[in-house]
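The structure under discussion appears below in the form of structure tokens.
Worth knowing before you read on, the calculation uses all heavy atoms, side chains too, and leaves out hydrogens, waters and symmetry mates.
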Amino acid sequence: MPDEPQTLDPAAPPARTATSTATTADSSAPARPHGGTSPAVQSPPAAPGPRWSLALVTVGLVLAALNLRPAITSFGALLADVSDGLHMSGSVAGVLTSVPPLCFAVFGITAPRLARRFGPAAVVCAGMAAIFTGLVVRPFAAGTAGFLAASALALMGIAVSNVLMPVIVKRYFPDRVGSMTGLYSMALALGTSVAAAATVPMTDALGGDWRLGLGVWAALAALAVLPWIPLLRDRARGGTGDRPAAPAETTAPRIARSRTAWALGCFFGLQATGAYITMGWMPQIFRDAGVPASTAGVLLAVTMVMGVPLAFVIPRLATRMRNQGPIVVALGLCGLAGYTGLFLAPAGGAWVWAVLLGVSNCSFPLALTMIGLRSRTGAGVVRLSAFAQSVGYLISIPGPLLVGVLYQHSGGWSLPIALMGGLMVPQMIIGCLAGRDRTVEDEC
């Protein structure tokens with residue numbers, strides 16, 4: 001929203017206190033249905049930008065969200081082919097599946113600072129350009145090191161965009177946070193599932209060359225850059241540029257002092273662990289159980305596509321509840337059931353397990369929603385988003401790597417699947433703590 005100082009209007013209501021005026025820029029935070037808001041954040045949001053600007057932001061959000069996972073799920077679908085082509089061991093492949101959360105943790109924490117300096121739209125535009133460049137270069141890297149470096153470039157773009165998606169929604173659509181969060185969450189799930197399902201067939205259609213099968217996704221990233229270019233001049237909406245920080249920014253909570261912030265970070269980390277293990281290893285689990293490669297990719301797509309409708313439903317349901325713990329438990333139980341089935345009969349009930357794990361992976365849009373609910377101010381949401389996602393992705397780094405090591409040294413999937421299922425228990429416990437009706441401002 002614009003940062004320009006407010007002018008007096010004869011038709012305006014009586015003047016507010018300085019504290020209330022200072023926090024006007026933060027009124028984009030979602031209203032807490034039961035906990036209420038303090039008077040300092042009840043002022044109405046500033047007028048939105050022109051229609052063409054909002055339309056471009058909507059298109060940009062959807063296209064950006066579509067690009068936030070194909071770099072990962074397309075690799076997962078071709079993991080065996082890439083491993084053979086680059087002569088990687090199971091442990092090295094496990095390292096590659098751990099790279100996404102590492103990049104998200106390292107680069108995601110820089111997103112708020114970059115957004116304040118250059119504007120959220122500019123940073124997201126640069127992020128989409130980084131994804132495009134990484135996806136173009138990655139398939140044609142000469143060895144594992146080059147493949148890893150190009151992947152890291154694409155993942156850097158994904159990392160900053162991950163953090164800034166909620167920020168852009170709250171700045172441009174302060175009165176439609178739930179619906180717009182659901183929209184980009186659905187687009188994210190759609191991009192994830194389409195990449196998982198289509199990568200193997202496209203690779204076959206392109207002559208069976210896994211390099212072309214991975215590189216084709218760069219075209220989608222190139223398309224995602226375009227809507228953000230006209231928005232580069234709209235820096236004032238990000239509260240950035242050379243202007244001093246708004247008063248609300250200087251009074252944002254010190255997130256590291258909040259128990260809820262830590263609980264939310266741990267919950268985000270545990271759900272991310274399950275998600276990236278699933279995206280990186282589930283096709284290989286099914287293939288080792290005798291499922292054809294193309295079917296294994298479709299099964300991963302089924303898991304991912306479950307997030308398309310649920311990503312829209314869960315945020316709306318969560319905002320209507322005082323405590324989001326029951327949703328956390330329901331999703332966790334689906335995960336436990338899915339991993340149990342995967343342990344006992346991976347091929348026999350493959351479609352059922354894929355659906356159950358897809359439902360469980362919808363903890364991601366729930367975590368994003370709780371980030372908005374656990375803070376009263378826009379500045380608090382920005383910091384909480386960066387903190388929870390960076391802490392969470394750091395926590396999730398060992399999971400995919402450990403699965404690769406266990407798989408290589410145990411010679412099967414029993415121990416890795418048991419690990420995946422076991423992680424659902426602390427995820428439910430910590431998620432219930434993160435879902436309690438309180439805000440980080442109160443705790444800080």
Side-chain angles (χ1 to χ4, degrees), residues 69-85 88-94 96-98 100 189-205 208 210 213-214 273-308 334-362 399-424:
R69 294 299 180 268
I72 303 167
T73 52
S74 61
F75 171 67
L78 295 174
L79 179 60
D81 304 275
V82 176
S83 298
D84 292 339
M88 292 188 298
S89 66
S91 297
V92 173
L96 283 176
T97 58
S98 297
L190 182 62
T192 305
S193 57
V194 169
T199 297
V200 172
M202 283 196 305
T203 302
D204 294 338
W210 63 265
L214 289 182
T273 299
Y276 287 104
I277 289 175
T278 299
M279 286 187 281
W281 289 108
M282 199 173 82
Q284 191 66 43
I285 294 174
F286 285 127
R287 290 178 70 170
D288 288 349
V291 176
S294 58
T295 304
V298 174
L299 286 167
L300 178 59
V302 169
T303 299
M304 299 297 108
V305 82
M306 293 302 300
V308 175
C334 287
L336 277 176
Y339 286 125
T340 300
L342 205 59
F343 183 91
L344 298 175
W351 297 98
V352 177
W353 318 142
V355 169
L356 287 172
L357 292 175
V359 174
S360 177
N361 281 346
C362 288
L401 175 60
L402 184 57
V403 167
V405 172
L406 290 175
Y407 172 59
Q408 181 178 1
H409 292 284
S410 68
W413 286 106
S414 296
L415 283 177
I417 293 174
L419 171 66
M420 299 178 209
L423 290 176
M424 300 306 302

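Between the side chain of Trp353 and the main chain of Gly348, no donor-acceptor pair closer than 3.5 Å is present. A donor-acceptor contact shorter than 3.5 Å links the side chain of Thr199 to the backbone of Ala195.
In this structure, CG in Leu300 is found 12.5 Å from OG1 in Thr295, a value given to the nearest 0.5 Å. From Leu357, atom CG reaches atom CG of Leu299 across 10.5 Å, with rounding to the nearest 0.5 Å. The CH2 atom of Trp281 sits 12.5 Å away from atom CD1 of Ile417, with the distance rounded to the nearest 0.5 Å. From Phe343, atom CZ reaches atom CD1 of Ile285 across 12.0 Å, with rounding to the nearest 0.5 Å. One distance of note links CG of Leu423 with OG1 of Thr273; it measures 6.5 Å at 0.5 Å rounding. Atoms CE and CG, on Met282 and Leu342 in that order, are 7.5 Å from each other to the nearest 0.5 Å.
Heavy atoms only, all atoms of each residue included: Pro283 and Thr278 are closest at CD-O, 3.9 Å. Phe286 approaches Ala350 most closely through the heavy-atom pair CE2-CB, 3.6 Å. Between Met306 and Gly358, the closest heavy-atom pair is CB-C, 3.7 Å. Looking at every heavy atom in both residues, Val291 comes nearest to Ala296 through CG1-N, 3.8 Å. Trp413 and Asp288 make their closest contact through NE1-OD2, 2.9 Å (heavy atoms, listed as atom of the first residue, atom of the second, distance). Residue Ala354 comes nearest to Val302 through the heavy atom pair CB-CG1, 4.1 Å, listed as atom of the first residue, atom of the second, then distance.
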Side chain to side chain contact (heavy atoms under 4.5 Å, CB included) evaluation trace for Tyr339 with Leu419: CA-CA 9 Å; Tyr339 286 125; Leu419 171 66; over 6 Å; no
Please test Thr203 against Asp81 for side chain to side chain contact (heavy atoms under 4.5 Å, CB included), starting from the C-alpha separation and ending with a verdict. CA-CA 11 Å; Thr203 302; Asp81 304 275; over 6 Å; no
